[in-house]
Number of protein chains: 2
Amino acid sequence: MEQTSAGRGRYHHGALKESLIEGACRLLADKGVTGFSLHELARRVGVSVAAPYRHFENRDALLGAVATRGYEQLLRILGESMNETADPVDQLRCFGVCYIQFAIDNPELFGIMFNDRYRSETEAAQRASFAPMIDFVGQAQRVGVLTPGVPAPEIARFLWASAHGLTVLHLNGGFKALGIDDTPRALIDSAWSAFLGDQPREDVAPG
Amino acid sequence: MEQTSAGRGRYHHGALKESLIEGACRLLADKGVTGFSLHELARRVGVSVAAPYRHFENRDALLGAVATRGYEQLLRILGESMNETADPVDQLRCFGVCYIQFAIDNPELFGIMFNDRYRSETEAAQRASFAPMIDFVGQAQRVGVLTPGVPAPEIARFLWASAHGLTVLHLNGGFKALGIDDTPRALIDSAWSAFLGDQPREDVAPG
DNA sequence: ACCTGAACACCGTTCAAGT
DNA sequence: ACCTGAACACCGTTCAAGT
């Protein structure tokens with residue numbers, strides 16, 4: 001065998017830890033949490049079953065690292081999307097729509113991110129994902145589109161929570177029998193209309 | 001060995017299926033989904049490892065039955081609590097508080113109930129739990145405390161979703177760093193104040 | 001320091017066999 | 001019809017041993 005990717009390639013890898021995380025992300029997406037196994041991951045990455053234990057204390061620690069990647073990916077998506085408009089209300093709406101879409105695109109990853117089992121691993125990344133949301137609420141308050149009476153973290157928390165609940169119920173199929181438009185955009189518009197006003201803006205021209 | 005409980009007691013049980021579900025509920029609460037195993041369940045119930053397969057197609061089907069029990073229990077709790085007052089707004093508040101409290105008391109069960117994995121088993125029970133909520137929203141609309149313009153199922157869905165999101169974030173510890181009162185009651189009051197008015201009623205005298 | 005080989009206890013599921 | 005016994009492939013984790 002030739003040396004693998006990273007250069008030094010002593011036994012098998014130069015960067016096994018990174019390969020494990022990437023492989024784990026794919027394996028999780030393929031098989032779900034229940035189908036996820038360290039044996040198969042080791043097989044896929046081409047390494048012995050014991051090798052991952054040099055880099056992660058156990059299965060939970062590895063899945064915690066995957067969940068953390070999830071938060072980083074979500075943060076990046078939210079950042080990109082919310083920068084497409086300067087209107088604070090549209091930014092908040094963007095957050096909700098992207099949040100639901102992210103969960104639809106990565107259901108197994110999303111399912112892991114809020115599991116108490118991995119909290120110690122994901123805590124920091126979760127807080128980092130939450131921070132920009134608070135900023136945008138603060139901006140909306142300063143512009144006068146949200147009441148300044150309530151602390152921004154409290155409003156942000158509620159917007160996050162309701163987006164989260166809508167997402168879970170949507171993934172769970174809870175809206176199918178209700179005969180309601182259940183696109184991410186429609187869910188958010190309808191849910192947040194009491195806060196953000198009833199008429200969503202049409203196609204926003206990028207900056 | 002003497003005959004067990006139910007009477008006929010041919011080999012071991014009269015009602016193995018019921019024993020399995022009850023044992024599974026306890027095992028789930030003890031060990032969580034990840035720690036839950038059919039081998040240990042069979043051991044606890046005092047039956048061979050193959051026996052459960054006469055009553056459930058597989059592990060998922062058994063956990064689906066447990067999740068269904070969860071919905072039935074939640075429905076009972078909601079019903080009891082919401083009957084303690086006749087005021088529609090207090091009834092809705094009751095729903096939110098009970099919902100969060102149920103999840104705090106049964107975190108592993110709650111975690112299973114909204115997993116897509118068991119949806120086919122839980123679908124009907126979930127809809128049944130959701131129905132009274134729609135009724136109460138309808139009543140609140142007729143009394144004029146909620147706008148009649150929006151269909152009741154849509155409002156109910158949103159209240160459920162936001163309660164669900166608050167619950168998950170709360171269980172996940174997401175409110176600890178924010179320095180906010182995070183009792184179930186405070187979470188619901190703050191979250192729903194825009195819909196249900198700002199001043200929650202004090203102790204309601206029962207019927 | 002980083003990885004392999006081999007092993008252990010445990011798990012989901014199956015199936016022939018018992019009553 | 002309902003259950004047992006025995007088995008299979010698989011999994012999480014450990015540990016002595018290799019380079």
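Naming convention: chains lettered A, B, ... in sequence-line order (proteins, then strands); numbering from 1 in each chain. All heavy atoms count here, side chains included; hydrogens, waters and symmetry mates do not.
Atom CG of B/L38 and atom P of D/dC11 are 17 Å apart (whole Å). Remark: C1' of C/dC11 and CG of B/L27 are 13 Å apart, rounded to the nearest angstrom. Taking atom CD of B/E57 as the reference point, atom C1' of C/dC15 lies 16 Å away to the nearest angstrom. Between A/E18 atom CD and C/dC2 atom C1' the separation is 17 Å, expressed in whole Å. B/H39 places its NE2 atom 13 Å from the C1' atom of D/dC11, with the value rounded to the nearest Å. Separating the OH atom of B/Y53 from the P atom of D/dA6 is a distance of 19 Å, rounded to the nearest angstrom. A straight line from CG of B/L62 to P of C/dC11 spans 14 Å, rounded to a whole angstrom. Between A/L16 atom CG and C/dT4 atom C1' there is a gap of 13 Å when expressed in whole angstrom units.
Here C/dT13 is the nucleotide among D/dC11, D/dT13, C/dT13 with the atom lying nearest to any side-chain atom of B/N58. Residue B/R43 has its side chain nearest to C/dC11 when only C/dT14, D/dT13, C/dC11 are considered. Listed nucleotides: C/dC11, C/dC3, C/dC15. Nearest to the side chain of B/A50: C/dC15. Here the nucleotide nearest the side chain of B/S48, chosen from D/dT13, C/dC3, D/dT4, is D/dT4. For B/R54, whose side chain is taken as the heavy atoms from C-beta onward, the closest listed nucleotide among C/dG5, C/dG12, D/dC2 is D/dC2. Nearest to the side-chain atoms of B/R59 among the listed nucleotides C/dG12, D/dC3, D/dG12 stands C/dG12. Closest to the side chain of A/A51, from the set D/dC3, C/dT4, C/dT14, is C/dT4. With distances taken from any side-chain atom of A/E40 to the nucleotides D/dA6, D/dC11, D/dT14, the minimum falls on D/dC11. Each of D/dG12, C/dC3, C/dG12 was ranked by its minimum atom distance to the side chain of A/V47; first place goes to C/dC3.
The side-chain heavy atoms of A/N106 and A/Q73, taken from C-beta on, include a pair separated by under 4.5 Å.
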For a quick test of your reading: what N or O donor-acceptor pairs under 3.5 Å do the side chains of residues 50-58 of chain A make, sequence neighbours left out?
| unit_1 | atom_1 | unit_2 | atom_2 | d |
| --- | --- | --- | --- | --- |
| A/N58 | OD1 | A/D60 | N | 3.3 |
| A/N58 | OD1 | A/A61 | N | 3.0 |

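In this entry C/dA17 has no Watson-Crick or G-U wobble partner, no candidate having both defining distances under 3.5 Å. The partner of D/dG12, taking Watson-Crick or G-U wobble pairs whose two distances both stay under 3.5 Å, is C/dC8. In this structure, C/dC3 forms no base pair with any nucleotide, since neither Watson-Crick nor G-U wobble geometry is met with both distances under 3.5 Å.
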Report the C-alpha separation of A/M113 and A/Q126 in whole Å, then their side-chain angles, then the decisive distance to 0.1 Å, and conclude whether the side-chain contact (heavy atoms from CB on, under 4.5 Å) test is met.
CA-CA 9 Å; A/M113 287 165 60; A/Q126 180 179 288; over 6 Å; no
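Remark: of the listed residues A/W160, A/F95, A/Y71, A/W160 is the sole one forming a ring pair (Phe, Tyr, Trp, His ring centres under 6.0 Å) with A/F130.
To the nearest 0.5 Å, atoms OG1 (B/T34) and CG (A/L63) are separated by 9.5 Å.
At the heavy-atom level, B/F56 lies nowhere under 4.0 Å from the strands shown.
Using a 4.0 Å cut-off, some side-chain N or O of A/H55 falls inside it from OP1 or OP2 of C/dC3.
Taking both residues in full, the closest heavy atoms of A/L109 and A/F102 are given as CD2-CZ, 4.0 Å, listed atom of the first, atom of the second, then distance.
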